Amino acid sequence: MEKIIVKKSAPLSGSISISGSKNASLPILAATLLCTGKCTIKNVPPLSDVKLMCSLLESLGAKISFEGKNIIVCVPKLKSHIAPYEQVSKMRASFLVMGPLLARYGRTRISLPGGCPIGQRPVDLHLKGFAAMGAKINLGHGYVEAKTDKLHSAKIYLDFPSVGATENLMMAATLCDGQTIIENAATEPEIVDLANFLNNCGAKISGAGLGTICIDGVNELSGCEYNVISDRIEAGTFMVAAAATHGCIKLENIPPSHLKPVIAKLREMGAVIEEGENHISIDADAKLKCVDIKTLPYPGFPTDMQAQMGALMSTVQGTGIITETIFENRFLYVSELQRMGANIKIDGRCAIIDEVRHISGARVNATDLRCGAALIIAGLAAKGDTEIGSIWHIERGYCDIVEKLQRLGANIEKSECDL
Ligand code: EPZ
C-alpha cells in the first residue's frame, strides 16, 4: 500500500489549473442514463469515484469510451435496472442512478448506500420525493425496490436542501408529464451544472441555483457535448494549503463566485486575496489568526472545506470555533491532528481550536477524503515528517494532488508503505 510523506515546506508559490469537479461530474454521468443520444462529457477528473460511476453505468447498459479527459457515453437502451450493493456501498453517489432509472425504465432495485465515516447519511428525502411522483417504494434486505407505470409531476418540499435529493428528483422529473416543482432545493454550483447539462440535452428546467426548481417534463432527452465546471473544493483546498505555508499562489480556471465563503474566511484570517474573472490569487505572507466558522448549505461555508480549515487553524494564533451543521460526524480528522500536537476540543457539533507553539509531524491516517486533505495541509506546516496512510481516500477526490503541490514547491511525495 502507498503512503504520502509530507515535510515542513517553504511558502508555496506559482500557479496551477483547477481540475473538473468530482461532485458535478458524478451526477452528470448518472444523468446520461436519461439520454437516448450520445453524450460527450468534458473536463471530467480521472478519479477513482469517476471510474466507479462509469462501471456502474456500463452494468446498466451504457457504452462508455474515453478520449483524454472526455468521457463518451451512449445508452440507446437500458439492459438492467439493478444497482448492486457491491457498487453502491463503495460510493454513495451511485444512488443518483435511481432517478434516471425510474424516469426511463419505470423500475429500479438499488442498494441503500449506507452510512460512511462522516455520518449516517439517510436517503429518506430522495424516497419521499419519488413516492410523491408516483413511485411505489419497498424497502427490504438493504435494497430499495421502486416501480411506476410512469412518474408524474409533483410539488415537492425538501425538509433539508439535500444536494443528492435535489439532483435525483430533478433528473427524474425531466421525463415526467407536467411540471414538477422542488422547493427548498439545494443551490450548489453542481446543481446548476447538472441542470445546464440536462437543458442542453433537451430538458426544460428553470430556477436551478435559486432554491425553487421548476421542471417541465419532455418526452425524450437527446445527448450533448458538455464541459463540467471546475472543482471549487479542490481550489479551496489549495488556497488553504498556501495559507498554511504563508505562501502566494494563483489558481487558474476557477470562478471566485463559487468560493465566496472560503475567500471571506481566509481574508478574515489575514490573507490577501485577489479575485479575477476566472482565477483567484492568495497571498498569505502575513500573520494569520483563527476565526469562527459555521458550515451551512450553499451559499454558506461548505462542509467539504471544514476539515481543511481545522488543520490551518491548528497552525495559527488565537482561538477559533468550527460548528459543523451538515454532517453529524465530520470531526474524525481531529484525533489525527491531535497526534500532531494540535490543541482541539470537541463539544457536540463544535470543535474549539486553540493555538500551540507548533504542530509536529507524525504517522496519521486519512479517515475520509477531506480528512486526508487536512492532514496534508497540517503536514506542510508541521515540524518533522508526516506520514499519511489510507491515501485511497484522498485519491477519490483529488486529481494529482501530490504532483500539483510539488509544482508549487511543497515538500511532499508518495511512497510504498513499509507495513
Ligand atoms: C453531497 O453529498 C456531496 N457529494 C458531499 O461531498 C457534500 O458534503 C454534501 O453534498 C453536502 O454539500 C457529492 O456531491 C457526490 P446531502 P450528499 O444529501 O448529496 C442529510 C465530498 O467530500 N440527508 O446534501 O450525500 C444527510 O444525512 C462529499 O466531496 C438526509 O437526512 O449530501 C446530511 O446530514 C462528502 N436525508 C445532509 O442531509 C436525505 O435523504 C446533507 O446531505 C439526504 C440527505
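Computation of the quantities below employed the complete heavy-atom set of this structure, encompassing side-chain atoms and omitting hydrogens, waters and symmetry-equivalent molecules. Just so you know, these numbers come straight off a predicted model, no measurement behind them. Remember, it's 1-based here, ligands and their atoms both numbered in the order they're listed.
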Q: Identify which of Glu167, Arg330, Arg370 has a heavy atom lying nearest to atom 35 (C) of ligand 1.
A: Arg330
Q: Return yes when atom NZ of Lys294 has more than 12 non-hydrogen atoms of other residues, nucleotides or ligands closer than 6.0 Å, and no otherwise.
A: no
Q. How does Asp124 reach ligand 1, by side chain, by backbone, by both or by neither, if only non-hydrogen atoms under 4.0 Å count?
A. both
Q. Residues two or more places apart in sequence or in another chain: which of them pass side-chain hydrogen bond (donor to acceptor under 3.5 Å, both in side chains) with Arg396?
A. Asp49
Q. What atoms of ligand 1 come within less than 4.0 Å of a heavy atom belonging to Val123?
A. 39 (C), 40 (O)
(Q) Counting neighbours of CG on Asp159 that are heavy atoms of other residues, nucleotides or ligands and sit closer than 6.0 Å, is the number greater than 12? (A) yes
Q: Would you mind telling me if ligand 1 is within reach of the side chain of Leu125, the backbone, both or neither, using heavy atoms under 4.0 Å?
A: both
Q) Would Ala165 count as a contact of ligand 1 if the rule is a heavy atom under 4.0 Å away? A) no
Q: Locate the shortest heavy-atom distance separating Leu96 from Ala30; write the atom from each residue and the value.
A: O-CB, 3.7 Å
(Q) Measuring from non-hydrogen atoms of Lys22 to any atom of ligand 1, is the shortest distance under 4.0 Å? (A) yes
Q | Per-residue contact class, Met53 against ligand 1 - non-hydrogen pairs under 4.0 Å | A | neither
(Q) Going by the closest heavy atom to atom 2 (O) of ligand 1, which one wins out of Met91, Arg92, Arg121, Glu328? (A) Arg121
Q: Could you see which bit of Ile326 sits under 4.0 Å from ligand 1, with heavy atoms only: side chain, backbone, both or neither?
A: both
Q: Kindly identify the option in Phe327, Phe95, Phe160 whose heavy atom sits closest to atom 9 (C) of ligand 1.
A: Phe327
Q) Just checking, is any N or O donor in the side chain of Ser390 or Asn365 under 3.5 Å from an acceptor N or O on the other one? A) yes
**Q.** For Asn43, the option from Asp231, Asn70, Asn227, Ile229 that meets side chain to side chain contact (heavy atoms under 4.5 Å, CB included)
**A.** Asn227
Q: Classify the contact between Val163 and ligand 1 as side chain, backbone, both or neither, using a heavy-atom distance cut-off of under 4.0 Å.
A: both
